[in-house]
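Read the structure below first, then the notes.
Letters A, B, ... mirror the listed sequences (proteins, then strands); counts begin at 1.
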There are 2 protein chains.
Amino acid sequence: MADKRYRIGEFSKLVGLSTYTLRYYEDQGLILSQRDDNGVRYYVEEDIRWVGFILHLKGTGMQLNDLKRYVKLRAEGDTTIAERRQLLQRVKDNAEAEIAEQQMHLKVLGHKIDWYDGKTAHTIDDSESFHDYLQRFQD
Amino acid sequence: MADKRYRIGEFSKLVGLSTYTLRYYEDQGLILSQRDDNGVRYYVEEDIRWVGFILHLKGTGMQLNDLKRYVKLRAEGDTTIAERRQLLQRVKDNAEAEIAEQQMHLKVLGHKIDWYDGKTAHTIDDSESFHDYLQRFQD
DNA sequence: AAACACCTTAGAGTGCACTCTAAGGCAAGC
DNA sequence: GCTTGCCTTAGAGTGCACTCTAAGGTGTTT
């Protein structure tokens with residue numbers, strides 16, 4: 001159970017990445033795989049967690065380049081922990097800034113939808129443009 | 001003042017899009033421009049607001065295709081308001097879902113950073129893996 | 001014996017949204 | 001009269017992250 005081996009096809013379904021992508025990531029140094037006596041790749045439980053973690057990082061918007069750098073640092077051992085932390089912090093700050101921006105844009109989009117609703121329900125004067133309407137929400 | 005004309009170079013700086021992109025957007029039907037007697041493009045105040053609005057939509061992750069469709073509907077007049085509202089609502093829901101997902105990923109990233117800090121400060125046991133550590137936060 | 005899942009290297013293709021070049025030309029300002 | 005800023009069409013190039021094909025191979029299963 002602890003040493004169940006997954007070949008690439010099975011693993012692919014497990015982690016939700018195509019076999020192409022798995023080989024590509026391995027090529028890029030993001031993933032390691034072991035090989036059986038015939039040279040066929042296999043993965044173990046720990047690899048599922050590792051890919052899962054990578055996907056969390058990717059999901060924050062971290063790019064392959066940074067991911068590669070992170071993995072390289074990791075391979076260099078404990079001396080690079082500070083640098084890794086810093087890299088992740090930068091990624092986190094970036095992601096948070098992007099989200100904040102998106103939310104700002106979403107706010108306007110929300111107002112536009114409300115404006116449509118107001119026009120449809122005639123609770124907003126016909127003569128009021130969206131631009132004028134928006135002014136109401138400038139803090 | 002109300003009818004100040006901006007040629008593409010000036011307008012470009014004003015809205016933060018390259019002249020290439022402005023012509024591209026016009027090509028794609030997202031922006032309109034007027035022409036002077038020599039056939040030279042010019043924009044007015046209202047165009048600044050329009051581009052601003054487009055950029056808000058883009059900023060939520062709305063793709064050019066949807067943007068084109070939106071603009072096309074707009075050109076068709078008031079009868080398409082319901083459809084436009086629906087399109088924007090879909091874009092909004094999408095964006096919100098994406099943000100929620102990103103925030104979920106960010107949470108893990110945050111835990112990882114905390115884990116590094118714990119390791120560095122020795123407030124997390126040397127033997128505790130990140131995976132084990134993460135379990136603490138499963139709700 | 002054929003089908004299936006895997007292996008390799010190398011390179012081409014995809015989708016998106018630009019971004020830029022080429023190669024021609026016009027009009028205004030110094 | 002030359003530079004600068006603009007115009008056109010058409011098409012090539014960029015960056016990112018895959019995604020797939022080609023063309024060869026091995027080993028297991030039916």
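Closest approach to the B:L64 side chain among D:dT19, C:dT19, C:dA17 is made by C:dA17 (side chain taken as heavy atoms from C-beta onward).
Comparing B:G9 and A:Q63 along DNA chain D, the residue whose closest nucleotide (by nearest heavy atom) sits nearer the 5' end is B:G9. Take the nearest nucleotide of DNA chain C for B:Y20 and for B:R7: the residue whose nucleotide is more 5' is B:Y20.
Dashed line: the shortest gap from a side-chain N or O of B:Y25 to OP1 or OP2 of C:dC18 is under 4.0 Å. Using a 4.0 Å cut-off, some side-chain N or O of A:R23 falls inside it from OP1 or OP2 of C:dC7. At the phosphate of C:dC7, OP1 or OP2 sits under 4.0 Å from a side-chain N or O atom of A:R41. OP1 or OP2 of D:dC7 has not a single side-chain nitrogen or oxygen of B:N38 nearer than 4.0 Å. Between C:dA27 and B:R35, no contact under 4.0 Å exists linking OP1 or OP2 to a side-chain N or O. Of the side-chain N and O atoms in A:T21, one or more sit less than 4.0 angstrom from OP1 or OP2 of D:dT19. When the side-chain nitrogen and oxygen atoms of B:K58 are compared with OP1 and OP2 of C:dC18, one or more of them lie within a distance under 4.0 Å.
Cation-pi geometry between A:R74 and A:W50 is satisfied (NZ or CZ under 6.0 Å from the ring centre, within 45° of the ring normal). Relative to the ring axis of A:Y70, A:K68 does not place its NZ or CZ within 45° and under 6.0 Å from the centre.
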**OP:** Start with the C-alpha distance between B:K92 and B:E96, add both sets of side-chain angles, then the distance that settles salt bridge (Lys or Arg N to Asp or Glu O under 4.0 Å), and finish with yes or no.
**Re:** CA-CA 6 Å; B:K92 183 166 177 262; B:E96 277 164 356; 3.6 Å; yes
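Taking the six-membered ring where the residue is Trp, A:F137 and A:H111 present parallel rings, their angle staying beneath 30° rather than reaching 60°.
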